[in-house]
Amino acid sequence: MSNQPETPEKGKDFIRQTIDKDLESGAYDGRVHTRFPPEPNGYLHIGHAKSICLNFGVARDYQGECNLRFDDTNPVKEDTEYVDSIKEDVTWLGFDWEDRQFFASDYYQFFYDVAELFIRMGKAYVDHLSADEIREYRGTLKAPGKNSPYRDRGVEENLELFRTMKGGGMKDGECVLRAKIDMAAPNIVLRDPTIYRIKHAHHHRTGDAWSIYPMYDFAHCLSDAHEGVTHSICTLEFENNRALYDWVLDTLMEGMKDASLFAENPEFLEFLKSKPGFNARPHQYEFARLNITGTVLSKRKLIQLVQEGHVDGWDDPRMPTISGLRRRGYTPESIRDFCDRIGVAKADSTVEHALLESCLRQDLNERAPRYLGVMNPLKVVIENYPEDQVDEFEMPLHPEDESMGSRVVPFSKVIYIERDDFMEEPPKKFFRLGPGREVRLRFAYYVTCTDVIKDENGEIVELRCTYDPETRGGWSKDGRKIKGTLHWVSAEHAAPAEVRLYNSLFTVDNPNAAEEGKTFVDYISPESKEVLTECLVEPALKEMKPGTHFQFERTGYFCADLRDHTPGGTLVFNRTTTLRDTWAKIQKQMKK
RNA sequence: UGGGGUGUAGCCAAGUUGGCAAGGCAACGGGUUUUGGUCCCGUCAUUCGUGGGUUCGAGUCCUACCACCCCAGCCA
């Protein structure tokens, strides 16, 4: 990966600007340390890719480090299936956390020790109010809350209760540990937030060792500091939580000043002092999460699509998940380029899907080898071509990159062309094949249509043509102008293939904004997936490896399916995206 | 008693000591082309949410408004 910014003159995003200032002022002794902190409760999607590129990108740009940390503080939602997929996706995107793979659950004992410290400091208490009561006592957005009757329990009582919670001696929901801050705080996050709750649940890593689990706000900042993270980057919806992030860390650092609080546990104080993160603490910065037109990017909605069977799993090529994009044929390079181009800012925004496609096409145009494949075959017999003759044409795999080499494509008397490339009554701007017209067969010959054969329903079933032997290779000495060039396959040599055409999953730009009585699933497009089973492709594709990217000339970019394609067996190709199609654009304009 | 944020072109987004509105995508013209692809050239903000003010000069400073987003989980 290049360390050179693509456009050096482009202004840095606000996070990098902040880091520049920190570096200038000597903060963190010049260290830059970030982390990507997914909760292992779902698959990663392209919104996560933005965060991954930011966090790992910042570390790369400043010769710092970026940790992979699984934020697993809620055992009922999390599973190892997700940690495996997350690791695979981050790696596939091209990032490396080296030996810094962590879990919040690695720090459970540490969190617990901090909680006891807070109790000793009089900064936390066990509350026996029910969940409903806590909500009532919290007040509203505009009205202050009121103190819990348990708020002023003594340190010893709190300690004993908290230890009972930990020891499993209480039922789920019986009580919680709360931070003692301010029930009248204008920021609701600060109204004595819950920091520990009781859950007798099996954790994917710690098993049944714990019956209490810390809340995000308590665990996250402590994890950051524990790992020596300097810049903790998250999305906008956590802006309000920053006050609590700061409170927890500042309270801990305040506590570190009083050695008497550590009388029972002096080595804990030493441990804290030895960690840079508890001396120069991390700070949180928030950026706007990614939205893209024509798709949904919320975990809840993505799960719903999978569970209700609207798509064929997390890696369905229509899904905006990393695994879905991968299977669709997106490259990591194109996704990284996209993340670079959209920028990082604080304004809520929705990026047009066209930008993602543009990044994709730019990358694939450079690297995808070209092949010939016919989606909807129309038989063509070349009447003056010798019965048993087979021509072999050597065709370049890439028109602008000779180093990619070439392949040989056989040609014979009976070929297939694309049905859309023939019109019996062509309009003015159509310059493909029609009765009496001459076109070029790519890298082969010029052919002229002499006859159209139809079945009893009037359906065109076959074309008769003649070819000009003087145009071998697809070029004529006499300088004859040929407007159209068609792709083709030799009937005798072609391989059958299944091609899956994918379009936008939704019919509207913003499926999230559903009308009265509808939800986003009501906007799923019936045309999002179309399976073509009668396709014919050139023989070179028979041995293609799953996951290979290529272009069917004049049709689009494709990818051999990761699951269903077998070299030498069933050929299955996914359409990653179409080529830019000015003919389609002209057709649209003509309809108007 | 509400608090926290954000408004620059159709979509992203630079713009940081006030000095004459980057770039990308899209769109639209034109050229090249054995892919209606690619590539190349050109057009696309007299104005920065709105109104006042300060100043020789304001997207940048002051002020008053407006719009949108987030927050009342024992989710993250």
Side-chain angles (χ1 to χ4, degrees), chain A residues 6-7 9-14 17 37-39 41 71 73-74 76-77 127 129-131 134-136 138-145 172-178 184-191 193-199 212-213 215-217 219-220 234-243 286 288 293 299 340-359 361-362 365-366 370 372 395 398-400 429-432 440-444 446 473-475 482-487 551-556 578-586:
Chain A
E6 285 187 5
T7 45
E9 64 283 349
K10 181 178 175 172
K12 288 183 179 175
D13 60 70
F14 74 98
Q17 289 174 21
E39 182 187 14
N41 70 341
D71 215 341
T73 54
N74 189 353
V76 305
K77 288 190 172 183
D127 195 349
L129 248 27
S130 69
I134 285 182
R135 190 180 321 117
E136 278 176 42
R138 188 152 33 222
T140 69
L141 292 177
K142 294 185 179 180
D172 285 13
E174 196 171 327
C175 58
V176 294
L177 185 71
R178 290 231 253 170
N187 179 355
I188 292 179
V189 170
L190 261 15
R191 315 237 261 232
T194 300
I195 57 179
Y196 262 97
R197 74 288 214 189
I198 301 167
K199 275 181 195 283
I212 56 172
Y213 292 91
M215 298 287 288
Y216 165 86
D217 287 306
H220 201 92
C234 63
T235 45
L236 250 29
E237 66 270 27
F238 291 99
E239 277 179 320
N240 296 321
N241 302 55
R242 188 174 65 233
E286 311 87 12
T293 57
K299 236 179 221 181
D340 283 347
R341 290 209 232 174
I342 57 179
V344 177
K346 299 197 71 159
D348 291 313
S349 62
T350 301
V351 178
E352 288 176 343
H353 191 264
L355 179 60
L356 214 207
E357 289 211 297
S358 168
C359 296
R361 289 198 183 104
Q362 183 183 308
N365 176 52
E366 283 176 32
R370 315 291 142 117
L372 265 25
M395 303 189 189
H398 196 288
E400 281 102 36
K429 289 175 178 169
F430 184 86
F431 42 85
R432 276 114 93 147
R440 169 169 40 232
L441 294 177
R442 175 133 245 233
F443 291 118
Y446 290 2
W475 181 81
I482 296 292
K483 273 209 264 180
T485 300
L486 312 188
H487 56 278
Q551 182 192 105
F552 273 133
E553 293 212 33
R554 304 209 308 132
T555 302
T578 59
L579 258 30
R580 267 181 60 211
D581 190 349
T582 55
W583 167 237
K585 211 179 272 180
I586 292 167

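So that the names make sense, note that chain A is the first sequence line, chain B the second, and so on, each numbered from 1.
When the side-chain nitrogen and oxygen atoms of A:Arg242 are compared with OP1 and OP2 of B:C71, none of them lie within a distance under 4.0 Å. Considering only side-chain N and O atoms, A:Arg138 lies under 4.0 angstrom from the phosphate OP1 or OP2 of B:C74.
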Item to check | Protein-to-nucleotide contact annotation, 5' to 3' order, nucleotides 25-31 of chain B [B base; S sugar-phosphate only; - none; under 4.0 Å, heavy atom] | outcome: B-SS---
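Every side-chain hydrogen bond (donor to acceptor under 3.5 Å, both in side chains) that A:Arg178 has, sequence neighbours left out, goes to A:Asp127. Taking A:Arg440 as the reference, nothing meets the salt bridge (Lys or Arg N to Asp or Glu O under 4.0 Å) condition, with sequence neighbours excluded. Remark: A:Ala219 pairs with A:Thr73, A:Phe111, A:Pro214 by the side chain to side chain contact (heavy atoms under 4.5 Å, CB included) rule, at least two apart or across chains. Scored by the salt bridge (Lys or Arg N to Asp or Glu O under 4.0 Å) test, A:Glu357 finds A:Arg361 as partners (sequence neighbours excluded).
Across all strands, A:Leu129 comes closer than 4.0 Å to base atoms (heavy-atom distances). Across all strands shown, A:Thr73 has heavy atoms under 4.0 Å from sugar-phosphate atoms exclusively, and none from any base. Contact annotation for A:Asn41: no contact, since no heavy-atom pair falls under 4.0 Å across all strands.
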Acceptor/donor pairs from residues 342-351 of chain A side chains to any protein atom, 3.5 angstrom cut, sequence neighbours excluded:
{"from": "A:Lys346", "atom 1": "NZ", "to": "A:Glu239", "atom 2": "OE2", "distance (Å)": "2.9"}

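Remark: the separation of the P atoms in B:A58 and B:G18 is 13 Å, to the nearest Å.
One atom, CG of A:Asp13, and another, C1' of B:U6, lie 17 Å apart when rounded to the nearest Å.
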